[in-house]
Structures are given as C-alpha cells and as structure tokens.
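Inspection log for the structure reproduced underneath, given as structure tokens.
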Amino acid sequence: MANQRGRIVMTDDEVDSFLTQQRSATVATIGGNGNVHLVAMWYAYLDGQLWIETKAKSQKVVNLRRDPRMSFLVETGNTYDQLRGVALEGTGVIVEDDPGLVWEVCVNVFERYNAPYTEELRPFVELMAHNRVVVRLDVDRVRSWDHRKLGLDPIALGGSTAPSAG
C-alpha cells in the first residue's frame, strides 16, 4: 500500500485556500510552568500571513513575551473521510506599536466573522482594537492533511456525539 501520509498532504495553494475559508483556530503558547496554553481564536489571514488580535495583557501575550514559540491548528471534518487540517509551528511576533497594522488586522477579523466593513461599523472595530496588540505567526513548519484525497466511500456520521455534530 502506498504511503497514505504522502497522499493526504495539501499543496501550498490548498493550504492557502483552506486557511482563507476556515473560521476558528486553536492557538498554543508555552505557559510559565512549561505547560502548553491552548485557546480557541478567530484569526486574520492577510497576504498569506496568519494574525490574531488579542488584549495586550492576555495570557498568550504574556507567554509569547517569555517564550515566542507558537503553534496554530485549523481543522474541520466530522467523519474520517472528511478530516482536513493545517498545523503550523513557528514564532509569535507581537506588534503593538503600529496602530495602522492593528487596525488592518482587526478589520480583517471583523469582516471574516461579522460583515463587510463600512464606516457605520467603525465604532465596533474601534472597540475591538482598543487596548489590543496583534500577533503574527512566522511559520517554521507546516503540516497538513486532507482525508478526502484518500477516495474513501462516505462514512456516516455516527457515535454518541453525532446528534450534536450534524
């Protein structure tokens, strides 16, 4: 049997499309005690670069100031034949002294999850950007998978969690 791992890797274009289309990520930083600190985050995706906006005093920012290592996971699929994901590892770069960039990231997040930005919506984005920093992930490693490439017959959604997943 051929190497299944090699068959399911996404191309760069597929990774780009996937990250453009998806909505939520799990972001990991390293806490002061050495444990992994995981949080669910919405994210911006600007020119192929991943960003998050967060409070300047958030735990993830405190962690990144101490240890800049950061991981980022985006995944989807409720059955094995539909699993897709991208896991990125790298350095989280905190940007806090560029109000224009903070604004751009906040507008991108707002548009991805709410509605197209208009001047009437400025107060909402201003509230979102208040006391915020943005974090860019400088990627060192990308791992991806798309089980749809395996050509499996559709698998019915089952198990005890099926009622809440479908």
Side-chain angles (χ1 to χ4, degrees), residues 10 12-78 82-146 157 161-166:
M10 292 184 197
D12 291 345
D13 285 344
E14 289 169 332
V15 167
D16 183 70
S17 177
F18 182 78
L19 293 173
T20 298
Q21 295 169 4
Q22 297 305 307
R23 293 180 60 88
S24 297
T26 303
V27 175
T29 57
I30 307 298
N33 61 3
N35 288 337
V36 175
H37 177 253
L38 292 173
V39 292
M41 295 290 301
W42 285 352
Y43 63 94
Y45 193 55
L46 297 166
D47 301 321
Q49 193 79 57
L50 289 164
W51 296 84
I52 59 171
E53 54 84 15
T54 188
K55 293 180 180 175
K57 295 183 179 183
S58 69
Q59 186 63 54
K60 63 192 123 346
V61 170
V62 170
N63 293 344
L64 289 169
R65 289 188 196 287
R66 184 183 333 95
D67 182 337
R69 290 179 292 170
M70 181 172 148
S71 294
F72 195 94
L73 172 68
V74 180
E75 61 177 339
T76 190
N78 287 321
Q82 295 297 310
L83 292 178
R84 293 183 295 153
V86 174
L88 304 150
E89 298 169 3
T91 302
V93 178
I94 302 163
V95 179
E96 54 196 326
D97 56 357
D98 187 339
L101 182 58
V102 171
W103 181 259
E104 182 180 6
V105 170
C106 287
V107 167
N108 184 273
V109 170
F110 183 86
E111 289 186 328
R112 283 177 60 85
Y113 302 99
N114 295 292
Y117 176 79
T118 63
E119 280 302 308
E120 292 78 36
L121 297 171
R122 177 178 278 280
F124 296 103
V125 179
E126 285 175 340
L127 182 64
M128 191 171 120
H130 183 68
N131 290 332
R132 299 291 172 132
V133 300
V134 294
V135 178
R136 180 186 71 240
L137 178 61
D138 287 352
V139 177
D140 296 324
R141 183 178 183 206
V142 178
R143 289 176 289 129
S144 65
W145 55 95
D146 183 347
L157 185 61
T161 60
S164 62

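From a predicted model like this one, the values you see are computed outputs, not experimental measurements. One is the number of the first residue; the rest follow in order along the sequence.
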Please check: side-chain N/O of [X] versus main-chain N/O of [Y], any donor-acceptor pairing under 3.5 Å?
X	Y	result
Thr20	Asp16	yes
Tyr113	Arg23	yes
Glu96	Val133	no

Non-hydrogen atoms of [X] and [Y] that approach each other most closely:
X	Y	value
Asp140	Gly90	OD2-CA, 3.5 Å
Phe72	Met70	CD1-CE, 4.3 Å
Leu73	Ala87	CD1-CB, 4.1 Å
Ala129	Trp103	CB-CE3, 4.4 Å
Val36	Ala28	CG1-CB, 3.8 Å
Ser24	Val74	O-CG1, 3.7 Å

* Decide yes or no on side-chain contact (heavy atoms from CB on, under 4.5 Å) for Arg84 and Met10, but give the supporting numbers first. => CA-CA 9 Å; Arg84 293 183 295 153; Met10 292 184 197; 4.0 Å; yes
Which distance, rounded to the nearest 0.5 Å, do you find between the [atom1] of [X] and the [atom2] of [Y]?
X	Y	atom1	atom2	result
Asn63	Asp67	CG	CG	8.5 Å
Ile30	Ser71	CD1	OG	7.0 Å
Asp146	Gln82	CG	CD	8.5 Å
Gln59	Thr54	CD	OG1	10.5 Å
Thr76	Gln21	OG1	CD	10.0 Å
Cys106	Leu101	SG	CG	9.5 Å

Inset, instruction - Scan side-chain atoms only and decide if Asn108 and Glu104 contain a donor-acceptor pair under the 3.5 Å cut-off. - result: no
Worksheet item: Would you call Glu53 and Arg112 a salt bridge, taking side-chain N to carboxylate O under 4.0 Å as the test?
Response: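 Result for this pair is no, no salt bridge flagged.
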Hey, is Arg69 close enough to Glu89 for a salt bridge, meaning N to O under 4.0 Å?
no
Item to complete: Could you please spell out the steps behind the side-chain contact (heavy atoms from CB on, under 4.5 Å) verdict for Val86 and Gln22?
Response: CA-CA 10 Å; Val86 174; Gln22 297 305 307; over 6 Å; no
Only residue of Val109, Leu19, Val135, Val27 satisfying side-chain contact (heavy atoms from CB on, under 4.5 Å) with Tyr43 is Leu19
Got a sec: does the CG of Asn33 have more than 12 other heavy atoms crowding it under 6.0 Å?
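Yes - once you tally the heavy atoms of other residues, nucleotides and ligands closer than 6.0 Å, there are more than 12.
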Evaluation steps, side-chain contact (heavy atoms from CB on, under 4.5 Å), between Val62 and Arg66 | CA-CA 7 Å; Val62 170; Arg66 184 183 333 95; 3.7 Å; yes
task: May I ask you to test the Val61-Lys57 pair for a side-chain heavy-atom distance under 4.5 Å?
output: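 Val61 does not reach Lys57 side chain to side chain.
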Should the pair Phe110 and Phe124 be assigned to parallel (<30°), tilted (30 to 60°) or perpendicular (>60°) ring geometry?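 Rings of Phe110 and Phe124: parallel, under 30°.
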Between Arg132 and Lys55, is a side-chain contact (heavy atoms from CB on, under 4.5 Å) present by the stated rule, with each step listed?
CA-CA 5 Å; Arg132 299 291 172 132; Lys55 293 180 180 175; 3.8 Å; yes
